[in-house]
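What follows is one structure encoded as C-alpha cells, with my remarks underneath.
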Amino acid sequence: QQSPDDMDLSLLPRPDLVAQLAKMAQNRVTLISAPTGSGKSVLLYQYRRQSLPGFPCISLKLHQQDKDPILFYRRLALCVRQQVPEFTGFACLQHRGADSQAQAQLATDMLVVGLRQLRQPLLIMIDNLELLARTEWLPSFHLLLELSPANVHWILAGRNTAALDL
C-alpha cells in the first residue's frame, strides 16, 4: 500500500476540499469521517503541503500500538516537540504504570499544560482515528481536545468515527 508521500498527488487534486479545511481552521476540532479508500490521508497531506508551508504542523498516523495511552501520548508529545522545540508537555511521559486510565489522565494534563504555554498556532492532524475507539482511556483524549487552547487546531480523520463520540 502506498503512503501519501509516495503518491503523485497531482493525480488526485482536491482543491475544494483543501479550501474547506482551510476555512475550518478557526474551529478547535475538525473531523473527517469517510470509508476506507476515500482519500482521507491524501487530503490531509495535500492540505499540509498546499495550505501550511512553514506552519507548525504535526501529522500523526495511528497504528495498533497507539491503543496504549502512554505510547500514543509520548508519540504525540515528541512530534509536537520536534515542531516546537520549546514545548515542555512531555517530561514524565516515560513512566508506565498498570492503570492506563490514570496514566492517560496524567499525560493529558501534561500535554494540556504544555500546549497552553505555546504562543504560536499549531495544527495537529491525526489519521486512522478509529483505532482509538473503544479504548478505556478515550475520555482523556476527549478532555485533551476540549482543554486544548484556541491556538491549537485538531484535524481528526478516520472511518467509523461514530464510536468515538466526538
Side-chain angles (χ1 to χ4, degrees), residues 4-5 18 20-33 40-41 43-97 99-158 161-166:
D5 294 333
V18 169
Q20 269 190 304
L21 279 179
K23 287 179 188 174
M24 295 178 178
Q26 72 272 7
N27 299 332
R28 183 170 292 154
V29 179
T30 300
L31 178 63
I32 301 170
S33 183
K40 298 176 297 293
S41 299
L43 176 60
L44 291 176
Y45 183 78
Q46 286 178 344
Y47 177 66
R48 182 177 183 176
R49 279 196 51 202
Q50 294 172 17
S51 301
L52 304 169
F55 189 87
C57 177
I58 297 0
S59 183
L60 193 62
K61 186 170 188 140
L62 299 185
H63 304 285
Q64 286 295 321
Q65 69 265 21
D66 292 312
K67 290 181 178 184
D68 177 309
I70 296 305
L71 293 179
F72 167 75
Y73 281 119
R74 184 185 310 151
R75 224 176 114 203
L76 176 59
L78 290 174
C79 287
V80 174
R81 180 86 187 252
Q82 286 176 342
Q83 288 293 314
V84 186
E86 64 271 17
F87 177 72
T88 60
F90 81 109
C92 295
L93 292 181
Q94 309 304 319
H95 305 291
R96 292 180 56 108
D99 184 352
S100 64
Q101 286 180 309
Q103 290 293 312
Q105 186 58 54
L106 173 64
T108 298
D109 293 344
M110 292 172 56
L111 282 167
V112 167
V113 167
L115 291 172
R116 286 184 173 174
Q117 292 174 355
L118 300 179
R119 297 294 165 234
Q120 75 268 33
L122 175 66
L123 173 64
I124 302 174
M125 299 189 304
I126 299 179
D127 197 4
N128 290 345
L129 190 69
E130 68 277 357
L131 292 175
L132 298 186
R134 296 176 193 83
T135 57
E136 63 184 21
W137 57 272
L138 185 59
S140 71
F141 181 70
H142 287 164
L143 193 62
L144 174 62
L145 297 176
E146 184 179 323
L147 297 178
S148 290
N151 60 317
V152 176
H153 175 65
W154 298 82
I155 298 179
L156 310 173
T161 56
L164 294 165
D165 195 29
L166 295 174

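In this text the structure is predicted, and so the values were computed from the model without any measurement.
To the nearest 0.5 Å, atom CZ of residue R48 and atom CG of residue L21 are 14.0 Å apart. In this structure, OG on S59 lies 8.5 Å from CG on L123, to the nearest 0.5 angstrom. Once rounded to the nearest 0.5 Å, the distance linking NZ of K67 with CH2 of W137 reads 10.5 Å. With rounding to the nearest 0.5 angstrom, the CD1 atom of I58 is 10.0 Å from the CD1 atom of I126. With rounding to the nearest 0.5 Å, the separation of CG in D127 from CG in L43 is 10.0 Å. Here the NZ-CG distance, from K40 to N128, works out to 7.5 Å after rounding to the nearest 0.5 Å.
Side-chain contact between V84 and Q120 is present, with at least one heavy-atom pair separated by less than 4.5 Å. Contact check for I155 versus Y47: side-chain heavy atoms found under the 4.5 Å cut-off. Contact of the E146 side chain with the L144 side chain is not registered, since no non-hydrogen atoms from C-beta on lie closer than 4.5 Å. Using a 4.5 Å heavy-atom cutoff, the side chains of I124 and L60 are not in contact. Looking at P121 and H153, their side chains never come closer than 4.5 Å, going by heavy atoms from C-beta outward. Looking only at side-chain heavy atoms (C-beta outward), L76 and R74 stay at 4.5 Å or farther from each other. Side-chain atoms of L111 and V80, non-hydrogen and from C-beta on, never get closer than 4.5 Å to each other. In this structure the side chain of R28 never reaches within 4.5 angstrom of the side chain of V152, judged on heavy atoms.
Using modelled atom types and a 3.5 Å distance limit, the side chains of W154 and S148 yield a donor-acceptor pair. One side chain, Y73 or S140, offers a donor N or O that lies under 3.5 Å from an acceptor on the other.
Using a cutoff of 4.0 Å between basic side-chain nitrogens and carboxylate oxygens, R75 and D66 are scored as salt-bridged.
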Inset, instruction - Test side-chain contact (heavy atoms from CB on, under 4.5 Å) on F141 and L156 and set out the steps. - result: CA-CA 12 Å; F141 181 70; L156 310 173; 4.2 Å; yes
Inset, instruction - Decide yes or no on side-chain contact (heavy atoms from CB on, under 4.5 Å) for L115 and L147, but give the supporting numbers first. - result: CA-CA 9 Å; L115 291 172; L147 297 178; over 6 Å; no
Legend entry - Step-by-step side-chain contact (heavy atoms from CB on, under 4.5 Å) determination, N151 to L118: CA-CA 8 Å; N151 60 317; L118 300 179; 4.0 Å; yes
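A donor-acceptor pair under 3.5 Å is absent between the side-chain atoms of N27 and the main chain of T30, judged by distance alone.
Here the closest heavy-atom approach between residue S41 and residue K61 is recorded as OG-NZ, 3.6 Å. Closest non-hydrogen pair, P85 versus R81, comes out as O-NE, 2.9 Å.
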